[in-house]
Amino acid sequence: MSRFQLPSPPRNEATSCGSMLQELQDLWDEIGETDLERDRMILQLEQECLNIYRKKVDQARKQKADLHQILAEGEAEVSLVISALGERESLMRLEKPKGSLKEQVAALKPLLEELRRKKEERIREFTDVQLQIVRICAEIAGLAHLESPATFKVDEGDLTIKRLGELKSQLHELQLDKNLRLKKVNALVESIHELCMVMSVELNKTLSEVHSCFSNSRNNHSKSISNDTLARLGGTVHALKQEKLQRLKKLQDLGSTLIELWNLMDTPVDEQKRFDHVTSLISATSDAVTCNGCLALDVIEQVGIEADRLNVLKASKMKELVLKKQSELEEIYRSVHMDVESDTDRQILINFIDSGKADLCELLGGMENRIEKAKEQASSRKEILEKVEKWKIASEEERWLDDYERDQNRYNTGRGVHKNLKRAEKARILVSKIPSMIENLSAKIRAWEQEKGIPFMYDKVRLLDTLEEYAALRQQKEEEKRRSREQKKLQEQQTAEQEALYGTKPSPMRQFPVKKPLGQSSNVNMAVGTPTGRRVSTPLSRHGFASSGKDKKEIGKGNAVIPVNYVALPKDILSP
């Protein structure tokens, strides 16, 4: 037997291999193979066996390496997924599998599949959130084409809950912004709707000009919420509001024109009622006008046609209207005592109209301007005229008081004496205020003249000159009173001296007139009771300053009720 022995077969194949080797030996014996040939063939067989074992070993080593690689890759993937998911604590608690490589791989496989499932779920969450963010951002930016989920990629390196929470927070803010924008869009669309209804403007056409999304759909999710859309909607609302304001102003002007023409031509109320929907808007603000179709173009056109019709009728009555305005102007001037040549101005105006060269509309407009200026002038004179009226009343009371104090019968008893006493007391108080009245009134007039650059005229006379003349006359009258009192005092002293020398005294009965019987004529009584002293003329009477009817009535009444036998006591005696 050769020194080369075949490798021992495995135990489970020992019987079959031994039988085959014995059969090979028998075949070689029968063939007559030499030992050298047999050794060569056995060596060849042994080499083939070694090659087979070597291949198996290489395969086993490769399988081991593959298992190590699979295990390493699995562990690395586990680490990466856990790191991406942010579950580092799970990685720290993860124990390395024990046993053979196949057992380790088998133990790692369920964990890896679980982590892959979690990763896929997390990727889906990220994809959903980020896709919503991208879509909302695209809506806000006004982009028409949105990114599809198939082309959208998620950063798989950071799939942590923290990152997902940040994205959800960002999504929440964007959703709030979107909702706010939707509310603004809805509010602007509603405003456009209301404005279009008021002015009878086509709503769909107006909205489609802003954005095509408003043409057919009313779904909130299909409405554009971009900055451009909001700006265009805001611009449309502003433009419609301006249009509404212009239409309202035009309709108010036409309504005012109608009312003016109705008043001028005495239009029947039934005919005026046809335009109540127009005249009711004359004092209305733009925001208060919400009635459907009230500012439509056809409404404005109808009112314009009516105004034109009335203007044609007005032209035939223009002369009457112009003269009516002239009367109004004259009345304004007369009411504030301004100089006006009514007859001359009216005749000039009539001649100008009859000549046919006058543009009556322009003339009427000029009259309106003159009336406005006259009203402004009258308004600027109002405060001074009120003070003039007070001064006139005070000066009338002063004249009455002078007459009353010169009346020698004022101390006689009779009916109405107490009324005259009260009036005299009030008159003395009012007269004492005349100097301050004149001073204040003069200051007001000087300020007015300085501001206007013209003298303040009152019934064709400069009022300041009248006041100065009145003040001079009043001072002269006061001086006369003072001299009269001194002369009276001198006479009393002379009388007292005569009494001291002669011891005689005039009878008191001779100082008073004899009381008349009750049956005498009232004219006689009035003659006796009326003061007969000299009356000092004032600028009021010389320049035509007429007192009011009430003052005249009171003054006449006061003089008429003075009886011949009343007695009035001086103020100092009446004092307690």
Side-chain angles (χ1 to χ4, degrees), residues 385-441 466-467 469-471 473-485 488 511-516 518 520-576:
L385 293 177
E386 289 176 354
K387 293 184 178 296
V388 169
E389 289 300 320
K390 293 180 181 179
W391 168 53
K392 287 165 58 177
I393 293 173
S395 63
E396 290 292 339
E397 287 298 295
E398 183 182 30
R399 288 196 298 172
W400 179 87
L401 185 62
D402 289 343
D403 294 343
Y404 174 77
E405 289 179 348
R406 283 195 298 268
D407 185 7
Q408 298 298 326
N409 297 326
R410 67 181 182 276
Y411 297 121
N412 292 346
T413 59
R415 294 175 59 187
V417 174
H418 65 286
K419 293 182 180 179
N420 288 288
L421 286 173
K422 289 181 180 180
R423 179 176 177 180
E425 290 296 325
K426 292 180 180 180
R428 291 187 186 97
I429 295 173
L430 185 59
V431 169
S432 66
K433 297 179 181 179
I434 289 180
S436 62
M437 284 184 183
I438 297 175
E439 183 179 355
N440 293 335
L441 182 56
T466 303
L467 288 175
E469 183 179 355
Y470 173 79
L473 290 174
R474 194 170 186 278
Q475 185 176 3
Q476 180 181 354
K477 188 172 71 170
E478 292 294 332
E479 185 66 24
E480 291 178 357
K481 286 183 179 180
R482 185 185 62 79
R483 287 196 299 267
S484 176
R485 286 194 298 269
K488 184 177 180 181
Q511 297 179 8
F512 301 96
V514 180
K515 182 177 179 182
K516 302 295 182 180
L518 292 176
Q520 272 195 333
S521 172
S522 58
N523 292 332
V524 176
N525 292 339
M526 289 297 297
V528 175
T530 301
T532 58
R534 184 176 64 88
R535 176 179 296 179
V536 178
S537 176
T538 65
L540 289 173
S541 58
R542 290 202 303 274
H543 295 303
F545 284 71
S547 60
S548 62
K550 182 178 178 181
D551 295 336
K552 289 180 177 181
K553 185 177 179 180
E554 289 180 354
I555 294 171
K557 232 172 126 181
N559 290 334
V561 297
I562 299 176
V564 296
N565 59 349
Y566 79 95
V567 176
L569 297 178
K571 182 177 180 181
D572 53 353
I573 298 177
L574 293 174
S575 301

By side chain to side chain contact (heavy atoms under 4.5 Å, CB included) - contacts of A424 (at least two apart):
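With neighbours one apart ignored, the set is W400, L401, Y404, R428.
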Could I get the full list of side chain to side chain contact (heavy atoms under 4.5 Å, CB included) partners for Q476, not counting sequence neighbours?
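Residues passing side chain to side chain contact (heavy atoms under 4.5 Å, CB included) with Q476: L473, E480.
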Side chain to side chain donor-acceptor pair (under 3.5 Å) involving E479 - partner list, sequence neighbours excluded
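By the side chain to side chain donor-acceptor pair (under 3.5 Å) rule, E479 matches R482.
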List the residues meeting side chain to side chain donor-acceptor pair (under 3.5 Å) with R483, not counting sequence neighbours, and say none if there are none.
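Expected list: none.
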Does a side-chain N-to-carboxylate-O contact under 4.0 Å join E396 and R399?
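The answer is yes: the pair qualifies as a salt bridge.
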Provide the closest heavy-atom pair for E397 versus V431 in the form atom of the first, atom of the second, distance.
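Heavy atoms only, the tightest pair is C-CG2, 4.4 Å.
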Closest heavy-atom pair and its distance - E398, Y470:
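That would be OE1-OH, 2.7 Å.
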Apply salt bridge (charged side-chain N to carboxylate O under 4.0 Å, His left out) to the pair K392 and E389, showing each step before the final yes or no.
CA-CA 5 Å; K392 287 165 58 177; E389 289 300 320; 3.3 Å; yes
Can you tell me how far the CG atom of L430 sits from the CE atom of M437, to the nearest 0.5 Å?
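Reported to 0.5 Å precision, the distance equals 5.0 Å.
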Around E386, counting heavy atoms of other residues, nucleotides and ligands shown, do more than 12 lie under 6.0 Å from its CD?
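Yes, because the 6.0 Å sphere around CD of E386 holds more than 12 heavy atoms from other groups.
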Please evaluate residues K390 and K433 with respect to the criterion side-chain contact (heavy atoms from CB on, under 4.5 Å), reporting the C-alpha separation (whole Å), side-chain torsions for both, the decisive distance (0.1 Å), and the verdict.
CA-CA 10 Å; K390 293 180 181 179; K433 297 179 181 179; over 6 Å; no
Counterpart residues, salt bridge (charged side-chain N to carboxylate O under 4.0 Å, His left out), relative to K481 (two or more places apart):
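In terms of salt bridge (charged side-chain N to carboxylate O under 4.0 Å, His left out), with neighbours along the sequence ignored, K481 is linked to D402.
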Any R474 side-chain heavy atom under 4.5 Å of S395 side chain:
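No, too far: nothing below the 4.5 Å cut-off.
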